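See below for the structure under consideration.
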Amino acid sequence: MEYILILVGTVLVNNIVLSQFMGICAFLGVSKQMKSSLGMGAAVIFVMVCATLCTYPIYILLDKFGITYLKTVAFILVIALFVQMIEMILKKVMPPMYKALGIYLPLITTNCAVLGVTITNVDESYNLAQSVTNALGTGIGFTLALLLFSGVRSRIDDSKIPETFRGVPATLIAASIVSLSFMGFSGLIG
Amino acid sequence: MSNSTEKKSSLFELTKGIIKENPTLVGLLGMCPTLAVTNQAINGIGMGLATTFVLVCSNTVISLLKKAIPSTVRLPSFIVIIAGFVTLIEFLMKGYLPDVYSSLGIFLPLITVNCIILGRAEAFASKNSVGASVLDGLGMGIGFTLALTVMASIREILGSGSFMGIKIPVLCDNSMLMFIMPCGGFFVLGCIIALVNKLANKKPPKEISCAGCPHAAICKGAGSKSDECQGGV
């Protein structure tokens with residue numbers, strides 16, 4: 001039950017893009033097409049879960065030496081190295097998957113959603129299973145927001161918008177409306 | 001991009017980030033903190049100043065080390081340098097500004113992955129002298145702080161009817177809660193960017209520009225479509 005609550009909470013109620021404001025750049029940059037949204041979303045889910053598995057033991061180690069204040073430095077370094085490693089392994093072992101996710105992998109090193117999830121896990125003092133659930137839910141929420149928004153954006157392209165609002169401003173205002181609709185989920189869990 | 005070969009005065013390095021190449025409103029970088037922490041003016045200022053501090057320090061160090069860092073491992077090296085300064089500012093804010101520290105929350109450690117900082121390190125500090133890099137960092141930081149402050153003031157005045165915590169007579173009884181909600185953030189930022197486009201009287205940028213994006217090189221290398229940003233940062 002607890003895990004279902006974390007999942008629903010991260011996917012819908014506290015959606016990482018639309019109410020936590022993490023990964024906005026990726027959200028605005030990639031959501032132009034449904035295909036690239038899916039690719040980016042899959043890569044983010046994958047990296048988030050793996051990064052959580054990696055940073056969990058590291059935090060225990062930092063805690064043991066009493067240097068938890070170094071978590072930002074340690075986590076970002078681990079994520080950066082880890083993403084590079086995944087890229088190399090995928091290239092060698094699973095070329096089709098590398099082809100699908102490859103171009104997105106190096107770009108999500110600095111996606112703040114990934115670092116954000118690992119830090120949230122620590123701040124909320126989740127155990128390993130809860131952390132992985134949280135990472136999975138957050139990743140799914142990110143993908144959901146991207147997919148829904150790519151649909152909205154294809155409609156924006158067809159409509160007549162005042163010159164000044166064309167491009168990024170219109171996209172942001174559309175995102176505002178999508179975010180407003182996600183607020184409807186806020187009563188879902190207490 | 002600013003780093004053309006022609007000589008530019010140091011005053012230009014300082015002022016270009018404030019209006020002409022404002023990282024948030026013109027460069028469209030660092031959107032996450034811009035949207036997330038601007039529900040109160042004081043948070044906007046706090047976030048802006050913290051980012052400015054990190055930007056100036058990291059620009060200085062990276063500019064000093066530009067010959068020592070091999071180009072193949074430059075991005076991880078830059079990130080570690082930046083993360084070090086972020087940890088420093090976390091300690092400083094925890095000690096001296098505990099209120100702002102707790103309301104910025106997770107977005108303080110997330111300054112590490114703010115694309116303005118990595119973008120300036122990659123596009124400017126790793127190619128220019130120390131003095132110019134400090135001025136560039138300071139200018140960009142001030143531009144970011146200004147953008148955040150303007151946006152946070154609008155949201156606080158309309159959304160909670162106060163400014164810097166001081167209640168405004170008529171507005172505080174008729175506050176529009178929507179503006180301090182997440183959706184208000186997207187809306188206000190969209191309107192401000194539209195206004196800047198209108199004032200600058202130029203064609204609005206079609207999409208998130210690659211200028212200043214630390215991943216521009218990888219993007220092209222990945223063989224993606226020419227004008228499609230894969231938007232990693």
Side-chain angles (χ1 to χ4, degrees), chain A residues 15 18-33 36 40 69-77 80-81 84 102-104 106-116 119-120 123 162-183, chain B residues 28-37 75-76 79-80 82-84 86-87 90-91 105-107 109-115 118 178 181-195 197-198 203-208 213-215 218-219 222-224 228-233:
Chain A
N15 186 287
L18 297 168
S19 66
Q20 308 277 312
F21 295 122
M22 290 177 208
I24 301 285
C25 301
F27 176 65
L28 296 176
V30 186
S31 61
K32 260 198 294 189
Q33 289 167 347
S36 51
M40 186 65 170
Y69 59 86
L70 283 180
K71 66 174 189 289
T72 316
V73 184
F75 284 11
I76 190 70
L77 193 60
L81 292 175
Q84 293 252 294
I103 49 170
Y104 303 108
L107 304 177
I108 46 188
T109 314
T110 50
N111 184 332
C112 55
V114 177
L115 185 62
I119 293 178
T120 312
D123 285 349
E163 179 81 19
T164 359
F165 276 89
R166 238 167 259 174
V168 179
T171 312
L172 281 169
I173 288 170
S176 156
I177 296 165
V178 176
S179 164
L180 192 65
S181 68
F182 265 71
M183 271 169 61
Chain B
L28 303 172
L29 296 166
M31 304 288 248
C32 307
T34 310
L35 289 161
V37 301
L75 285 182
I79 291 179
V80 172
I82 295 166
V86 170
T87 311
E90 263 187 272
F91 274 131
I106 193 169
F107 280 92
L110 288 185
I111 296 176
T112 317
V113 283
N114 186 326
C115 33
L118 197 59
M178 179 209 143
M181 298 288 199
C183 52
F186 285 112
F187 183 77
V188 173
L189 186 60
C191 292
I192 293 180
I193 292 175
L195 188 69
N197 284 344
K198 181 86 185 163
K203 285 248 177 217
K206 273 269 185 301
E207 285 309 325
I208 311 283
C213 174
H215 293 298
I218 312 175
C219 261
S224 56
E228 176 138 348
C229 177
Q230 304 296 348
V233 273

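Residue numbers start from 1 in every chain, and the chains themselves are labelled A, B, ... in the order their sequence lines are given, proteins ahead of strands. Just so we're clear, the structure is a prediction, and the values are computed from it rather than from any experiment.
Interface remark: B:Ile106 contributes side-chain atoms only to the contact with chain A (heavy atom separation under 4.5 Å). Contact of A:Ser181 with chain B is not made at all, since no heavy-atom distance falls under 4.5 Å.
Residues B:Leu189 and B:Met31 have side chains in contact (heavy-atom distance under 4.5 Å, counting atoms from C-beta outward). A:Ile173 places a side-chain heavy atom less than 4.5 Å from the side chain of B:Cys191.
The choice from A:Ile119, A:Asp123, A:Ile177 that makes the most heavy-atom pairs within less than 4.5 Å of chain B is A:Ile119. Of the listed residues B:Gly184, B:Pro182, B:Gly185, the one with more heavy-atom pairs under 4.5 angstrom with chain A than any other is B:Pro182.
With sequence neighbours excluded, the residues that form a side chain to side chain contact (heavy atoms under 4.5 Å, CB included) with B:Thr87 are A:Tyr69, A:Thr72, A:Val73, B:Phe91.
In this structure, A:Phe21 has its ring center at least 6.0 angstrom away from the ring center of B:Phe107.
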